[in-house]
Amino acid sequence: MTPADTGASTVVDAASAASDSSGSSEPSDPRMAPGGPGYRRMSFALFLAGVATFALLYSTQALLPLISGDLGVTASDASWTVAAATGGLALFVLPMSALSERFGRRTVMTASLAVAVSVGLLVPFAPSLPALVALRAVQGAALAGLPASATAYLAEEVRPRALVTAIGLFVAGNSVGGMSGRVITGWVAQEWGWRVAVGVIGLVAVACAVAFRLLLPAPQHFTPGSLRPRVLVGTVRDHLANPLLRRLYAIGALFMTVFGGVYTVIGYRLTEAPFSLPQGLIGSIFLVYLVGTVSASTAGRLVGRLGRRGALYLGAGTTAAGLLLSLAPSLPLVLLGLVLITAGFFAGHAVASSAVGKTAQHGRAQASALYQSAYYVGSSAGSTVGAVAFHSGGWAGTVAVGVLAVLGVVVITVSGSLAARRQAAGAPVRALGLPR
């Protein structure tokens with residue numbers, strides 16, 4: 001099986017390669033390691049950065065029914081408060097990755113959080129939907145500096161053997177931030193309204209940002225690069241010319257289309273009959289994210305047993321089963337459907353994202369940035385299209401959008417299998433009509 005076929009984690013591969021090459025010299029490696037100076041502070045700092053990032057990015061998602069009622073707008077209009085933030089992040093993640101190469105990871109992360117939390121304190125005072133959407137777009141663009149810089153900082157400052165654990169803590173912060181932000185806003189909004197709820201998240205993010213800056217050790221192994229647009233454009237062009245990378249980017253976008261659509265609209269579904277749940281309970285639905293944390297962490301074992309494509313099929317099938325189950329007019333079945341959707345999404349996302357860095361032979365930071373860009377474009381598309389489908393066809397319309405996206409994942413994965421067979425046979429590879 002070729003490296004691209006395995007789908008094993010890039011981080012694991014990088015750590016293994018580095019440890020193999022360093023051998024017994026690793027004890028003298030000056031970079032941070034568990035138990036060593038600065039490691040615990042660094043890990044906690046990046047955990048808090050992850051919490052702040054995702055709490056802010058999705059702060060309005062659980063509040064959309066209240067925003068609709070307060071501002072007198074439809075579900076599809078209110079969904080732009082989510083789509084604008086994720087769209088801003090998608091557009092700016094690649095430029096931010098370039099800035100971090102020149103000005104440093106810690107500098108870019110600090111500036112990004114400072115701008116994002118400042119905007120977060122203005123969001124509760126937005127007088128209208130256009131103003132709210134504009135603020136959220138700026139906030140998303142600012143937050144693009146975090147995913148673009150955090151993993152690069154870790155790769156430079158942490159010993160290879162500790163890299164998996166360190167990145168895992170940052171990802172855990174993302175998951176905790178995304179979940180807790182939605183849960184907190186749900187309960188606060190039930191008592192004091194959506195503006196107070198968003199303000200509370202802004203204050204939490206301020207505290208996380210301040211602690212992050214105080215705790216994160218200064219980089220010791222960063223070497224500034226130059227901002228040469230021609231080199232960046234050439235790297236991006238090379239990645240987009242790679243058919244496997246194109247497929248992985250499309251898979252990430254399609255999985256996130258499902259996830260973004262479902263969790264943007266689910267609040268509206270549960271406020272309506274026959275459920276009629278209060279806002280606090282609707283916010284608590286996002287505790288289902290814990291299932292995703294578990295499924296993402298087991299993705300490596302799935303790939304080991306089933307191969308990358310087998311794991312993608314399993315993720316797609318699990319997601320599709322959850323979508324269909326969520327059509328039932330029974331709250332337990334809807335919740336079970338959300339569990340399956342979340343587990344399938346996180347597994348598929350983990351498999352696709354880990355395969356990107358393994359596939360890219362150079363410019364891995366840009367390859368990952370392109371994946372993140374596609375991923376958040378999918379989030380924006382899912383939030384908007386899912387809400388439009390709900391407005392015109394109810395929950396069944398949103399499910400239909402999700403099923404189409406899952407079918408897209410299956411078609412692309414099948415295409416990859418056929419392309420690999422043709423390549424093995426020595427025939428020209430053409431996937432979905434795109435040149436190799």
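Looking at heavy atoms from C-beta onward, Leu281 lies in side-chain contact with Pro278 at the 4.5 angstrom threshold. Counting only heavy atoms from C-beta outward, the side chains of Val385 and Thr257 never approach each other to under 4.5 Å. The shortest distance between side-chain heavy atoms of Glu272 and Trp395 does not fall below 4.5 Å. Side-chain contact between Arg269 and Ile266 is present, with heavy atoms from C-beta onward closer than 4.5 Å. Side-chain atoms of Arg246 and Pro243, non-hydrogen and from C-beta on, do get closer than 4.5 Å to each other.
Closest of all the heavy-atom pairs between Thr319 and Phe345 is OG1-N, 3.4 Å. Here the shortest heavy-atom pairing between Leu48 and Cys208 reads O-CB, 3.7 Å. Arg41 approaches Leu215 most closely through the heavy-atom pair NH2-O, 2.9 Å. Closest approach of Gln279 to Ala189, counting heavy atoms only: CG-CB, 4.2 Å. Across every non-hydrogen atom of Thr53 and Leu143, the tightest pair is O-CD1, 3.6 Å.
Not one N or O on the side chain of Arg237 forms a donor-acceptor pair closer than 3.5 Å with the backbone of Leu232. A donor-acceptor distance shorter than 3.5 angstrom exists from the side chain of Thr271 to the backbone of Tyr268, with no hydrogens or angles considered. A side-chain donor-acceptor contact under 3.5 Å links Thr74 to the backbone of Asp77. Side chain of Thr318 to backbone of Gly344: no donor-acceptor contact under 3.5 angstrom is found. Proximity of a side-chain donor or acceptor of Ser68 to a complementary backbone N or O of Leu64 within less than 3.5 Å is detected. For Thr81 (side chain) and Ala78 (main-chain N/O), a donor-acceptor pair under 3.5 Å exists by modelled atom type.
Remark: the Gln61 side chain and the Thr264 side chain contain an N/O donor-acceptor pair separated by less than 3.5 Å.
Legend: residues meeting side chain to side chain contact (heavy atoms under 4.5 Å, CB included) with Val188, ordered by chain and number and at least two apart, are Ile184, Trp192, Val196, Ala197, Val200. Residues forming a side-chain hydrogen bond (donor to acceptor under 3.5 Å, both in side chains) with Ser100 (at least two apart in sequence, or on another chain): Arg105. A search for ring-ring contact (aromatic ring centres under 6.0 Å, His included) contacts involving Phe92 returns nothing, not counting sequence neighbours.
Aromatic ring orientation, Tyr375 versus His349: parallel (interplanar angle below 30°, classes split at 30° and 60°).
Aromatic ring centroids of Tyr263 and Tyr289 lie under 6.0 Å apart. Taking the six-membered ring for Trp, Phe255 and Phe259 have ring centres at least 6.0 Å apart.
Distance check, rounded to the nearest 0.5 Å: NE2 of His239 to OG1 of Thr359 gives 10.5 Å. If you take CG on Leu248 and OH on Tyr371, they are separated by 8.0 Å, rounding to the nearest 0.5 Å. In this structure, OG on Ser326 lies 10.0 Å from CG on Leu333, to the nearest 0.5 angstrom.
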Verdict with supporting geometry, Leu306 and Tyr313, side chain to side chain contact (heavy atoms under 4.5 Å, CB included): CA-CA 9 Å; Leu306 305 175; Tyr313 288 134; over 6 Å; no
For the pair Ser383 and Trp80, evaluate side chain to side chain donor-acceptor pair (under 3.5 Å) and give the outcome as yes or no after the intermediate values. CA-CA 7 Å; Ser383 299; Trp80 279 103; over 6 Å; no
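The cationic atom of Arg182 (NZ for Lys, CZ for Arg) lies less than 6.0 Å from the six-membered ring centre of Tyr58 and within 45° of the ring axis.
Open room surrounds CZ on Arg40; 12 or fewer heavy atoms of other groups in view lie less than 6.0 Å from it.
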